[in-house]
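One structure is given below, encoded as structure tokens.
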Amino acid sequence: MKQKLGFLEVIAGPMYCGKTEELIRQVKRGAIGKKRVQVFKHIIDTRYGKDKKVFSHAGLSFESELISKASQILKNLHPKTDIVAIDEAQWFGEDLVEVVQKLLKM
């Protein structure tokens, strides 16, 4: 039986340094590589309207799912998803830690 091993990658930095742009670049590469990708963003992120996409300041975008709390990531996760991306993780609070720990064990 082959066990899947996950990992956590954090993209950190000050405002306007390209964090979301890097996240979009990585999920696009995953999608091109035939990986199943799910991107989540907090519903309060209305900086570019109430669109379901994640947007970078450079104008890049990628489809995402709007959620209001971290636990919804697990509820909305498709069984065959390979890559989970979370934009603006700080808006999900400490509950996100437990969700990520569960994701890493899947």
Side-chain angles (χ1 to χ4, degrees):
M1 183 163 139
K2 186 176 180 182
Q3 184 179 3
K4 290 174 66 173
L5 296 176
F7 66 93
L8 172 66
E9 182 172 337
V10 177
I11 303 168
M15 291 175 64
Y16 303 104
C17 73
K19 297 178 300 293
T20 299
E21 185 175 348
E22 176 62 15
L23 178 116
I24 292 169
R25 185 189 72 77
Q26 289 190 25
V27 296
K28 282 185 175 183
R29 285 186 68 195
I32 290 168
K34 306 290 187 221
K35 299 289 184 185
R36 291 190 173 106
V37 177
Q38 275 187 272
V39 179
F40 296 94
K41 80 173 192 176
H42 202 286
I43 199 162
I44 65 171
D45 186 356
T46 57
R47 294 172 292 168
Y48 295 96
K50 294 185 179 184
D51 201 312
K52 289 180 72 174
K53 291 184 177 183
V54 171
F55 289 93
S56 74
H57 296 299
L60 301 176
S61 66
F62 197 89
E63 279 300 318
S64 69
E65 298 179 42
L66 297 173
I67 57 174
S68 60
K69 53 187 177 180
S71 62
Q72 290 175 317
I73 293 170
L74 296 172
K75 290 178 184 170
N76 294 345
L77 191 65
H78 300 288
K80 295 191 176 193
T81 295
D82 298 305
I83 298 171
V84 175
I86 304 163
D87 193 40
E88 300 292 350
Q90 74 278 5
W91 290 347
F92 293 103
E94 292 180 19
D95 293 342
L96 184 59
V97 174
E98 184 179 337
V99 169
V100 170
Q101 288 173 337
K102 288 180 181 179
L103 288 170
L104 291 172
K105 293 177 183 176
M106 296 178 111

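None of the values given here were measured: they were computed from a predicted structure.
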Report the C-alpha separation of Ile73 and Leu96 in whole Å, then their side-chain angles, then the decisive distance to 0.1 Å, and conclude whether the side chain to side chain contact (heavy atoms under 4.5 Å, CB included) test is met.
CA-CA 9 Å; Ile73 293 170; Leu96 184 59; 3.9 Å; yes
Would you check if Gln26 and Ile83 make a side-chain contact, meaning some heavy-atom pair closer than 4.5 Å?
no
Would Phe40 and Val84 count as a side chain to side chain contact (heavy atoms under 4.5 Å, CB included) here? Give the steps.
CA-CA 8 Å; Phe40 296 94; Val84 175; 3.9 Å; yes
For Lys34 and Asp82, the nearest pair of non-hydrogen atoms, with its separation, is O-OD2, 4.4 Å
Heavy-atom neighbours of Glu94 CD exceed 12 at 6.0 Å
no
Just wondering, more than 12 heavy atoms not from Lys28 lying within 6.0 Å of its NZ?
yes
Any pair with a residue in residues 9-20 that passes salt bridge (Lys or Arg N to Asp or Glu O under 4.0 Å), sequence neighbours left out, goes on the list, sorted by first then second residue, please.
none
Would you call the rings of His42 and Phe92 parallel, tilted or perpendicular, taking 30° and 60° as the class edges?
tilted
Can Asp95 and Lys69 be said to form a side chain to side chain contact (heavy atoms under 4.5 Å, CB included), step by step?
CA-CA 8 Å; Asp95 293 342; Lys69 53 187 177 180; 5.9 Å; no
CG on Leu104 to CG on Leu8, rounded to 0.5 Å:
6.0 Å
Going by side-chain contact (heavy atoms from CB on, under 4.5 Å), Val54 matches just one of Ile86, Leu60, Asp87. Which one?
Asp87
Could you walk me through whether Lys41 and Leu66 satisfy the side chain to side chain contact (heavy atoms under 4.5 Å, CB included) test, starting with their C-alpha distance in whole Å, then the side-chain angles of each, then the deciding distance to 0.1 Å, before giving a yes or no?
CA-CA 5 Å; Lys41 80 173 192 176; Leu66 297 173; 3.2 Å; yes
